[in-house]
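All values derive from a computational prediction rather than experimental measurement.
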Amino acid sequence: MSRLALMEQGVALGVDGEVLTIERGDRVIDRVRVAEIDQVLAFGAITLLPGAVALLLRRGIDTVYLTARGRYRGRLVGGFNRNVERRLAQFERLRSGPTAVDLARRIVAGKIANQRALLLRAQREHQQPELAQVAGQMRRAMDSLPAADDLDRIRGAEGQASAAYFGAFGRCLRNPAFTFSVRTRRPPRDPVNALLSFGYAMLTTVVESAVLRAGLDPMLGSLHAPEFGRPSLVLDLMEEFRPVLVDALALRLVNRRAVAREDFEEFVEEPGDPLGEAEREEDGTAPAVWLGETGRRIFFRAWGRRLRETHWYESRRQTLTFEQIVRQQVYHLVRVLMGEDTAYYPFTVR
């Protein structure tokens, strides 16, 4: 998938025939053939002119609105997927009951397996015996899952494993300019957390796009309880990909020194700042830290490359890009809900 990311604040997206024009004031600063893109990401104060909106809807191009700092706001949605039978099956099987519990259990198992794989790889590369010990704790959390017969116990095992994982995540860093001690979000409180938060926002756009194209309702999942405004199914399906796509990429950018401390900025609250109001959801004494514009561009380029990297996909017994694997997993869930596949198998790496 080819993406057009609009990050420069104040620009407008217009149209000239079948070409999207990026405009600053009354001057066109860039042109992109609409046939060459599959997704538009509009960060912050970006104006989509009526002609551009009409063209994007007509061509069915996924268009996502985010805050300037990368937090998801919403998307431009054309007609809904017409396959109502899938949504009916989703509501019948995930509202409660054994399918919901089994799906949540398998999603958590996949997430923990991929988190362990990341720690064990770092342990092998850097000879950190402490990481092997944490991986052992996570193994025990995985072993408790078969006996977990309700969602609360499954969520408990997930929380236990995540606490151990993020407690050790800082040991994977090999750049003395960066440290990590605890996962913080809304807002992130240090550069590594800022990378993770930005990456999870990017992952949300990919998974939600796949869910909508597959004709499922993004708001009803199993592991994440239904809650007003929460895309529970998207959050569910992100879990197995968080360590593979985002956490590993954040470590790569830091350890290879692709990002520097100067690529991050502390959030300074200003009266009437609408973005600040939207992102200030947790109290804390430490300043909020975000990727600056240069940092976001660095991450976004690396993110596109990461999605295009290939991996063996056992279910199809072929090598696919990670983005194709995300879509395959969503359609695998569709087949489970429709009774065509017997159970959901998360994507895992070794």
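- With respect to R58 and E18, a salt bridge is recorded, a charged nitrogen being found less than 4.0 Å from a carboxylate O.
- A donor-acceptor contact closer than 3.5 angstrom links the side chains of T184 and N193.
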Task: Check against side chain to side chain donor-acceptor pair (under 3.5 Å), T99 and R93 - done: CA-CA 6 Å; T99 301; R93 305 197 70 180; 3.2 Å; yes
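- With hydrogens and angles disregarded, no donor-acceptor distance shorter than 3.5 Å links the side chain of R327 to the backbone of V211.
- Aromatic ring pairs are classed by plane angle as parallel below 30°, tilted from 30° to 60° and perpendicular above 60°; the pair Y345 and H332 is parallel.
- As a member of the Ile/Leu/Val/Met/Phe/Trp/Tyr network built from side-chain separations under 4.5 Å, V40 groups with L4, L6, V11, L13, V15, L20, I22, I29, V32, V34, I37, I46, L48, V53, L55, L56, L57, I61, Y65, L76.
- We find that E92 and R95 are not joined by a salt bridge, their nearest charged nitrogen and carboxylate oxygen being 4.0 Å or further apart.
- Looking at R3 and D38, no side-chain N of the basic residue comes within less than 4.0 Å of a carboxylate O on the acidic one, giving no salt bridge.
- Across all non-hydrogen atoms, the minimal contact from R230 to A225 is NH1-O, 2.9 Å.
- Closest heavy-atom contact between E240 and P243: O-CD, 4.0 Å.
- For the pair R308 and E323, the salt-bridge criterion is not met [side-chain N within less than 4.0 Å of a carboxylate O].
- Take R297 and apply the salt bridge (Lys or Arg N to Asp or Glu O under 4.0 Å) test, not counting sequence neighbours, and it matches E293.
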Open item on the list: Run the side chain to side chain donor-acceptor pair (under 3.5 Å) test on T21 and D16 for me, step by step, so that the C-alpha distance in whole Å, both residues' side-chain angles and the decisive distance to 0.1 Å come before the verdict.
Closed with: CA-CA 7 Å; T21 58; D16 179 7; over 6 Å; no
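- F299 and L249 make their closest contact through CZ-CD2, 3.8 Å (heavy atoms, listed as atom of the first residue, atom of the second, distance).
- A salt bridge does not link E239 with R105: none of the charged nitrogens is closer than 4.0 Å to a carboxylate oxygen.
- A tilted orientation is assigned to the rings of Y313 and F347, their planes being inclined by 30° to 60°.
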Open item on the list: Using side-chain contact (heavy atoms from CB on, under 4.5 Å), reason through Q329 and F241 one step at a time and then give a plain yes or no.
Closed with: CA-CA 10 Å; Q329 286 298 100; F241 292 103; 3.7 Å; yes
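- Nearest heavy atoms, Q90 versus L233: NE2-CD2, 3.5 Å.
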Atom pairs and distances, side-chain donor-acceptor, residues 154-165, under 3.5 Å, sequence neighbours left out:
residue, atom, partner, partner atom, Å
R155, NE, L223, O, 2.6
R155, NH2, S222, O, 3.4
R155, NH2, L223, O, 3.0
E158, OE2, K111, NZ, 2.5
E158, OE2, S162, OG, 3.0
S162, OG, E158, O, 3.2
Y165, OH, D247, OD2, 2.6

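- Under the 30°/60° scheme for interplanar angles, the aromatic rings of F264 and F178 are found to stand perpendicular.
- In this structure, T179 and V192 approach most closely via the heavy-atom pair O-CG2, 3.6 Å.
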